Amino acid sequence: MGIIQELPEQLANRIAAGEVVERPASVVKELVENAIDAGATKIEVDLEEAGIRLIKVRDNGHGFYEEDAPRAFLRHATSKIRDEHDLFRIRTLGFRGEALASIASVSHVTLKSRRTEEDGFEMTLQGGVVMAQTPAAANVGTEIAVSQLFYNTPARLKYLKTSATELASITDTLNRIALSHPEVRLTAFHEDKELLRTSGNGDIKQVMLAIYGRQVAAQIVTASSKTNDYSLSAHLVRPEVTRSNKQYVTLILNGRSIKNFALTQSVLEGYHTLLPIGRYPIAVLEVNMDPMLIDVNVHPTKREVRLSKEKELCQLIRETVQLTLREQRLIPSVKPKERPVNRTEQERLDFTVERTPVTDEPPTWNYPIPREPVTSPSRWSPTPLVNEAPEPIVESEAIETKGERLPPLDVIGQLHASYIVCGAEDGMYVIDQHAAQERIKYELFYEQLGNPDKEYQLLLLPLTLEFTQEETLAIEEVAPLLKEAGLELEPFGGNTFLVREIPTWYPQHDLEGTVRDLIEMAIRDRSVNLAKYREDASILMACKRSIKANHPLNHEMMRQLLHDLNQTTSPYTCPHGRPILVKWSTYELEKLFKRVM
Ligand code: ADP
Ligand code: MG
């Protein structure tokens, strides 16, 4: 007698629910996505107790046929695909036909719906079992209320985080959907608190405004680009605004917000030297492509997808981000804060830095930045600026501006042997000499490291390198990768290898270091990105060899430094992303001296 039997439907659904319905946010995601698939232009979400007590989603989509309603709650019941063929051309958010079944199996559900030309109805379910289905007055569209979530799966209920965490997760989910579908008017309330409200006018920047606020929205730059396979629209927040994690990089592929390490990494690489270390950008990247190129059926929640030509897309993203940001002028400017009349001396010269580019959009917001000594109030106040000027202007010689990236600057003098103070037509500039030189050297070394091409140089004495057993095994695996990067390791018994020949671009002063770095990179990343290596090495070398702060410079040296800075491709930030110059506009100075109001 056999012992294997098919599980009852309800039990099977509850097991499946473990995957699809992990937490309240999963329910919100599935219901809102269903509404979008139903063609809704307006969706309202109401939540109680972080969704545990109630999640209600109301839409103005096409609604249910009454006879379809019970079927919609069966597992693998869907109106979105019919055959295997359809699986490769998915344009809807759902297609697996398991969300409603899973949700219903772990909660109480009330469905109210009406199609145009049909009568409305209401259906209730408990634990996935239909309790009642009756005619009911209803607007065209659908309203699904999910209450008592996880009432019959106590383990899942216990596993939930605090309600603040669950609510944060719901908000994140809603934000992602809103960004993916700016054409849908989405509102969400938690009890009396509004979580999100978008206008549905199709403008993604408006959605970013709704989510991230005015200050961030004022910093968005948009760019688009395409290859044969992909079209990309990038909404990048300028690197003046950063966050402490990668969560704020949103990837949208064919209207679906997804998670993908390589693509996110490409965005970060595009921002690379513009961001301070350990800080991350806010950006939304919309990619559209033939659905054939993307496999969304790799994960039950469809957040992870597989792409056919991922490398091509990575490159497109990296280059678009890089070029777009490089075109922006990124000089932070200093502005006196508006203050009430009654102030202390200390407060009077309390500067805030306005981190807006000087060229395009007018400055729109302020925030105090404590991290740069140049702008720190304690350094500047309470002494009036004039007393700090080290000497009278010796001669006025405008710096030649070849790239015209910096305005013509007259060197006034040096401050604290660390900052170069300059006058310009539009105000006063202060340059951090160390940061400036880091930028110059960085570009120089980057150039010197050359294009990693395939010219080789035979070593008089081969390099002999010894590794651990673990490394040796890994090296054998990544040998083809290393060979591509111009590095051939000849086994020399045990864990020892010889290198007889190296590409000419390797920095001469530290061959072994370079070889070891590349091997380490190959083992760690399972790929060798020479461009990235070249960049990292340049940053390191630039930092080590730049003049430090506290180093007196004469006028000639300062002028040379500014000249060299102006020749760089990004004279506004050092390779670590810190600003090189700050500016006080003439107007701002006049305001400080009360010459203007
Ligand atoms: P899937 O979305 O993968 O098809 P679901 O279990 O989420 O599976 O939904 C099952 C079916 O119920 C859908 O295919 C759709 O026909 C119908 N449906 C779900 N939500 C709605 C809605 N808000 N409006 C209209 N039809 C809906
Ligand atoms: Mg669905």
Side-chain angles (χ1 to χ4, degrees), residues 9-10 12-22 25-46 55-84 86-87 89-107 109-123 125 128 130 133 136 138-146 173-174 176-177 180-181 184-186 188 254-257 291 295-303 305:
E9 163 108 14
Q10 298 315 327
N13 284 343
R14 212 188 293 179
I15 290 169
E19 282 188 315
V20 189
V21 193
E22 210 185 351
S26 334
V27 176
V28 173
K29 172 180 184 289
E30 295 298 336
L31 296 183
V32 176
E33 288 189 347
N34 276 346
I36 292 173
D37 282 347
T41 55
K42 197 175 152 200
I43 302 171
E44 291 162 7
V45 180
D46 279 305
I55 297 171
K56 194 195 290 178
V57 176
R58 207 170 18 242
D59 69 57
N60 65 350
H62 56 56
F64 280 81
Y65 286 106
E66 190 169 354
E67 62 186 276
D68 268 346
R71 214 169 13 237
F73 289 86
L74 297 177
R75 199 142 56 104
H76 306 308
T78 179
S79 58
K80 297 170 195 174
I81 56 174
R82 304 236 157 256
D83 53 33
E84 221 174 317
D86 292 342
L87 203 49
R89 342 178 158 265
I90 288 166
R91 294 195 181 271
T92 48
L93 293 168
F95 60 88
R96 297 167 61 105
E98 58 188 356
L100 289 186
S102 301
I103 293 167
S105 74
V106 292
S107 66
V109 172
T110 305
L111 162 73
K112 218 192 262 186
S113 188
R114 179 162 82 84
R115 288 181 71 100
T116 341
E117 320 286 319
E118 304 259 326
D119 293 329
F121 68 93
E122 182 177 298
M123 186 172 97
L125 301 96
V130 177
Q133 187 169 358
N139 295 326
V140 172
T142 302
E143 178 184 296
I144 297 188
V146 174
T173 301
L174 288 167
R176 285 174 191 284
I177 297 177
S180 317
H181 291 275
V184 174
R185 196 158 125 207
L186 189 58
N254 286 0
R256 186 191 305 278
S257 146
D295 183 358
V296 283
N297 195 24
V298 288
H299 195 262
T301 68
K302 306 171 221 101
R303 266 227 61 196
V305 298

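Remember, predicted model here, so these are calculated numbers, not experimental data. Whatever order the structure lists ligands and atoms in, that order sets their numbers, starting from 1.
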Taken by chain and residue number, the protein N/O/S atoms under 2.8 Å from the Mg ion (ligand 2) read Asn34 OD1
| request: Let me see the working for Thr41 and Asn60 under side chain to side chain donor-acceptor pair (under 3.5 Å), right down to the final yes or no. | output: CA-CA 7 Å; Thr41 55; Asn60 65 350; 2.9 Å; yes
Tell me if a side-chain donor or acceptor on [X] pairs with a main-chain N or O of [Y] at a distance below 3.5 Å.
{"X": "Asp59", "Y": "Thr142", "value": "yes"}
{"X": "Asp37", "Y": "Thr92", "value": "no"}
{"X": "Arg114", "Y": "Asp119", "value": "no"}
{"X": "Gln133", "Y": "Glu66", "value": "yes"}
{"X": "Ser113", "Y": "Gly141", "value": "yes"}

- Message: Can you confirm whether Lys80 is buried at NZ, in the sense that more than 12 heavy atoms of other residues, nucleotides or ligands lie under 6.0 Å from that atom?
- Response: yes
Check Glu117 with Arg115, please: is the shortest side-chain N to carboxylate O separation under 4.0 Å? no
- Taking only Lys NZ, Arg NE, NH1 and NH2, and the carboxylate oxygens of Asp or Glu, determine whether Arg75 and Glu98 approach each other closer than 4.0 Å. no
Distance filter under 4.0 Å, heavy atoms only, around ligand 1 gives Asn34, Ala35, Ala38, Asp59, His62, Gly63, Phe64, Ala72, Ala77, Thr78, Ser79, Lys80, Gly94, Phe95, Arg96, Gly97, Glu98, Ala99, Leu100, Thr142
